[in-house]
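Below: the structure, in structure tokens.
We name chains A, B, ... by the order of the sequence lines, and we start the count at 1 in each one.
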Number of protein chains: 2
Amino acid sequence: MAHIDILIRRLRSDTHIDAEDAAAIARLPVHVRDVPAQTSIVRTGERPNACCLLVKGFACRAKITDMGKRQILSFHVAGDIPDLQSLFLRSMDHDLVSISPATLAFIAHSDVLKLVDERPSVAHALWRETLIDAAIFREWIVNLGARDAPARMGHLFAELYHRMAAVGLVQGNEFEFSVTQAELAEALGISAVHANRIIQRFRSEGVLDVRRNHVALLDFPTVQAISGFDPAYLHQLTRRGAPE
Amino acid sequence: MAHIDILIRRLRSDTHIDAEDAAAIARLPVHVRDVPAQTSIVRTGERPNACCLLVKGFACRAKITDMGKRQILSFHVAGDIPDLQSLFLRSMDHDLVSISPATLAFIAHSDVLKLVDERPSVAHALWRETLIDAAIFREWIVNLGARDAPARMGHLFAELYHRMAAVGLVQGNEFEFSVTQAELAEALGISAVHANRIIQRFRSEGVLDVRRNHVALLDFPTVQAISGFDPAYLHQLTRRGAPE
DNA sequence: CGATTTGTTGACTAATATCAAACTGTGTGG
DNA sequence: CCACACAGTTTGATATTAGTCAACAAATCG
């Protein structure tokens, strides 16, 4: 499987592209690179001239405050282009960092721009991807502003479950995901100690089992109930291909 | 001044459009409507067939959680198109509500789509607008997740100052802005009582004076310092037209 | 001008942070 | 293969921030 196929699979999960579009995307030249965990891929203030497709592994976007605190903005899985916005926002306003060993496929901005100007349907599809990215940020704002810590954590894993299912990375109620409790805390806006206590409670209650490299949604209905999770904001096309 | 001119002014503050693009935008047919404060303009789940340009007044986007709590996602000022994402995300994942009497100019999706497919530069400009929208959400995540309540409030008003300055709506260090303390609390993810106490402290310290319809940034350097505000994430073109 | 919304205050409570120490697992070099 | 180093996790005690409730005051509106 070519590296870029994961992108086409991903796009098909939430947008409409036809065979010709897919073929045009598949023709995009890519530059593949493997990185270890904890590698900064793009940094705040840089002006990348390529977008980064995550082919394998996990990454996150994060901002550092003036007080030196890091806030993780989003987690990314295979098929995501976490810095697609750099196509029109020249300078990065945050960092992109791997949180596991990862395979990246870089696609030059110039090639993407040529493609979107030639094929409006691809432009619409990629624009839509960036809009879904924003929709996920909106839901994350709700999470941080309006839900307590256990609900936030439940919500995060319910979302990841859906997003990973879209690219075929879940088995039953479980999926591989590499994250430390400290990283989780940075995403949820809580302390690492508090994150640990919530994880333990979920584990003992048989709701959710979060490990260093693996997540099991032991009781999805409960996770959904305590977190108020509703996948509508992901704007995915349903299995049945229902209209969006 | 035609209603749509505020949009052109706004676009020029953070994107590059030429005279022909501006003329093409100015030719977009609009349907103008005045609404009182606290009016729901578009609701969650709806599938609007037009975008809404805010010509005058203020609005916010908000989500209601399953617990009935409302989280305000963003505030909007004249020149914003708060639901531009509906162009490609058919169903709304949040509400758009006026927070003051407001004038709205609705632009049919079909007209916008025709324009963006005919003029790539306009497509790029509008796409860029939605990306800046997302960049603001990212910063708001940092605010809610990594800063304490006073910093959040300072940050909100520092941002509004910049955004309103871009469309010429500030006088000195002051600007008109209509918001109740309860709404502020819903945006900041704190209780109304706590919001009130912070406002009073800022007022007594001569840092920031937030009133029902008016905001004065009495001491901008201090606001900036306590909130860690850095306008880079707004991706505005500087006054001097410096490159972005 | 009365009615309603918005803002203000105090007392009390709950959620979460901080700190510090100890423990566990995993990989590395001797 | 062991021992050590290190990163990650777990625990308890204590501190702080912010929430809730309830009453009242002040603005605002029809």
When you check the phosphate oxygens OP1 and OP2 of [N], does a side-chain N or O of [X] lie under 4.0 Å from one of them?
| X | N | value |
| --- | --- | --- |
| Asn196(B) | dT8(C) | yes |
| Gln181(A) | dT10(D) | yes |
| Arg203(A) | dT10(D) | yes |

Partners of Asp95(A) by salt bridge (charged side-chain N to carboxylate O under 4.0 Å, His left out), sequence neighbours excluded? none
[X] [atom1] to [N] [atom2]: how many Å, rounded?
| X | N | atom1 | atom2 | answer |
| --- | --- | --- | --- | --- |
| Asn213(B) | dA27(D) | CG | P | 14 Å |
| Met153(A) | dT16(C) | CE | P | 11 Å |
| Leu144(B) | dT17(D) | CG | C1' | 16 Å |
| Ile99(A) | dG8(D) | CD1 | C1' | 15 Å |
| Gln38(B) | dT5(C) | CD | C1' | 11 Å |
| Ile199(B) | dG7(C) | CD1 | P | 7 Å |
| Arg212(B) | dT5(C) | CZ | C1' | 9 Å |

If the plane angle is over 60° it's perpendicular, under 30° parallel, otherwise tilted; pick one for His162(A) and Phe220(A). perpendicular
Look at the aromatic rings of His31(B) and Phe106(B) and report parallel, tilted or perpendicular, splitting at 30° and 60°. tilted
Side-chain donor-acceptor contact under 3.5 Å, Gln85(B) with Arg138(A): no
Can you measure from CD1 (Ile141(B)) to CD (Gln71(A)) and round to the nearest 0.5 angstrom? 7.5 Å
What about Phe58(A) and Phe75(A), are their ring centers closer than 6.0 Å? no
What protein N or O atoms touch nucleotides 18-20 of chain D N or O atoms at under 3.5 angstrom, if any, and at what distances?
residue	atom	partner	partner atom	Å
dA18(D)	OP1	Ala149(B)	N	3.2
dG19(D)	OP1	Ser191(B)	N	3.1
dG19(D)	OP2	Ser191(B)	N	2.9
dG19(D)	OP2	Ser191(B)	OG	3.0
dG19(D)	OP2	His194(B)	ND1	3.3

